[in-house]
A.B. asks: 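Have a look at the structure that comes next, please.
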Amino acid sequence: MKRYGNSFKEQALALLPGDANYDMCLTCGLCSSGCPATGLADMDPRKFLRMAALGMDEQLATTDWVWMCTMCQRCTHVCPMNIDIPKLVYHARTLWPREKRPKGIIGSCDVAMKTDTGSAMGARPEDFEFVVEDMLEEVKETQPEQADLSVSMNRTGAKFFLNQNSREPMTEPDEMVPLWKILNVVGADWTYSSVGWAAENYCMFAADEEAWEKIVRTKVKAVEDLNCEVWLNTE
Amino acid sequence: MTFTVQDPCQLVRKSLGDDVADDLRFVVKTVVGEENFIDMHPNRSNNYCCGGGGGALQGGYPEERREYGRIKFRQIEATGADYCITPCHNCHSQVHDITEHFGGAWHTVHLWTLICLSLGILGENERAYLGPDLAELGL
Ligand code: SF4
Ligand code: SF4
């Protein structure tokens, strides 16, 4: 039976599907023994889970460890009871006052929310268009065998919608080119979009659900607006 | 010259599973030659996270992030490979960082770099992460 209440455990339980229950933990320690975050901030996944089961809400809502766990799901993968510890970690992140959460993550989320590209580095649509065009021109000039290299921007009806981590256009644009070449060699029908192209989503890591959803919706809309069949996420 | 590969948690364990890990090995072996590939352990869905996920690269706990990555560092080191291929953006940043931090001898490269190198279409400015042994190849 699921109960919904105010304790950490009860709130976390509400997130679980079906009859899953954190009380099912066997305390076997498989999760902790294969978790690279074990021992950081004097915590490990089994301990975290036991503390939830024991109702140690205050400690769970304040331990820095939730920002050191990468939510990689290896613990869940090896757990004989299939207990989703990263979900619990995510929940603990939501309990932090927003202004107390890591500045880098929150900052990247805030920046991404300010532009309809979703870029955590603040790249605007015109920045992306400029960098891509500039880079393409340079390649064609300096690599004559790439004369037929093409990159579409905002092409409706392309099969693949390719997104791009902001780091490339903003800091190392040359690194975009190999992927273009590969797509060209295989004859892929693909396009970039000047909006919603950024692959990263720090609002998700920030556990800011409203912002997370808004970013995802912006990106989905960009794919739908161009009527593309497949959304290729390179992140 | 030998190569290993980091299975990205997001791509393998968290989304497409062992099938995509096998596809990844097919591509990597085709590109570098089967005899030059050394798998990391544990691997595929059982792989360890490099420590760059979950926002950790911007998380503000660099010391702990690197401590987390020390396990990955040792796993890469144990392969003895000259190159660690990272087919994920976060993995590339984190593995590159821990390699420098803990003094690894290998180079950390994107998969797209090696695919283009093997196709003979990798430009001069697209070689930032190759070691001196491959940097001039096919120019
Ligand atoms: S692996 Fe699962 S059952 Fe074992 S200690 Fe961890 S959470 Fe409990
Ligand atoms: S999800 Fe977190 S607790 Fe689980 S193995 Fe990964 S780092 Fe450890």
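Lettering of chains follows the sequences in order, A, B, ..., and the numbering in each one begins at 1.
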A.B. asks: Picking from A:Met71, A:Lys181, A:Lys103, which has the most non-hydrogen pairs under 4.5 angstrom with chain B?
C.D. replies: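 Most pairs with chain B among the choices: A:Lys181.
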A.B. asks: Do A:Cys72 and B:Arg13 have side chains that approach each other closer than 4.5 Å (heavy atoms only, starting at C-beta)?
C.D. replies: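 When only atoms from C-beta onward are counted, B:Arg13 and A:Cys72 do touch, with a gap below 4.5 Å.
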A.B. asks: Are the side chains of A:Val185 and B:Ile115 in contact, using a 4.5 Å heavy-atom criterion?
C.D. replies: no
A.B. asks: Grab the two heavy atoms, one from B:Tyr48 and one from A:Ser33, that are nearest each other, plus how far apart they are.
C.D. replies: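 Scanning both residues, the minimum pair turns out to be OH-O, 3.9 Å.
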A.B. asks: Could you go step by step and tell me if B:Glu63 and A:Met68 meet the side chain to side chain contact (heavy atoms under 4.5 Å, CB included) rule?
C.D. replies: CA-CA 10 Å; B:Glu63 216 171 289; A:Met68 298 167 193; over 6 Å; no
A.B. asks: A:Arg101 versus chain B, heavy atoms under 4.5 Å apart: side chain, backbone, both or neither?
C.D. replies: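 Neither part; nothing is under 4.5 Å.
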A.B. asks: Can you confirm whether the side chains of A:Gln73 and B:Gln10 place a donor and an acceptor under 3.5 Å from each other?
C.D. replies: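 No.
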A.B. asks: Give, as side chain, backbone, both or neither, the part of B:Cys9 having an atom under 4.5 angstrom from any heavy atom of chain A.
C.D. replies: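 When you check distances to chain A, only side chain atoms of B:Cys9 fall under 4.5 Å.
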A.B. asks: Enter the distance from A:Ser108:OG to B:Leu57:CG here, rounded to the nearest 0.5 Å.
C.D. replies: 10.5 Å
A.B. asks: Decide whether A:Glu200 and B:His89 meet the rule of one side-chain donor and one side-chain acceptor closer than 3.5 Å.
C.D. replies: no
A.B. asks: Using side-chain heavy atoms (C-beta onward) and a distance below 4.5 Å, is A:Trp65 in contact with B:Glu64?
C.D. replies: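 When only atoms from C-beta onward are counted, B:Glu64 and A:Trp65 do not touch, as no gap falls below 4.5 Å.
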A.B. asks: Would you mind checking which part of A:Glu175 comes under 4.5 Å of any heavy atom in chain B, side chain (CB onward), backbone (N, CA, C, O), both or neither?
C.D. replies: both
A.B. asks: From A:Trp180 CH2 over to B:Glu126 CD, what is the distance, rounded to the nearest 0.5 angstrom?
C.D. replies: 9.5 Å
A.B. asks: CG of A:Asn184 to CD1 of B:Ile121: how many Å apart, nearest 0.5 Å?
C.D. replies: 8.0 Å
A.B. asks: Would you kindly say whether B:Asn46 and A:Arg74 are connected by a side-chain donor-acceptor distance under 3.5 Å?
C.D. replies: yes
A.B. asks: Quick check for you: among A:Glu145, A:Met204, A:Glu172, A:Glu168, which has the greatest number of heavy-atom pairs under 4.5 Å with chain B?
C.D. replies: A:Glu168
A.B. asks: Quick one: pull up CD1 in A:Ile182 and CH2 in B:Trp112 and give me the separation to the nearest 0.5 Å.
C.D. replies: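 It is 9.0 Å, given to the nearest 0.5 Å.
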A.B. asks: What are the two closest non-hydrogen atoms of B:Ser93 and A:Arg167, and how far apart are they?
C.D. replies: OG-NH1, 2.5 Å
A.B. asks: Report which part of A:Ile105 has an atom under 4.5 Å of a heavy atom belonging to chain B: side chain, backbone, both, or neither.
C.D. replies: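 A:Ile105 touches chain B through backbone and side-chain heavy atoms alike.
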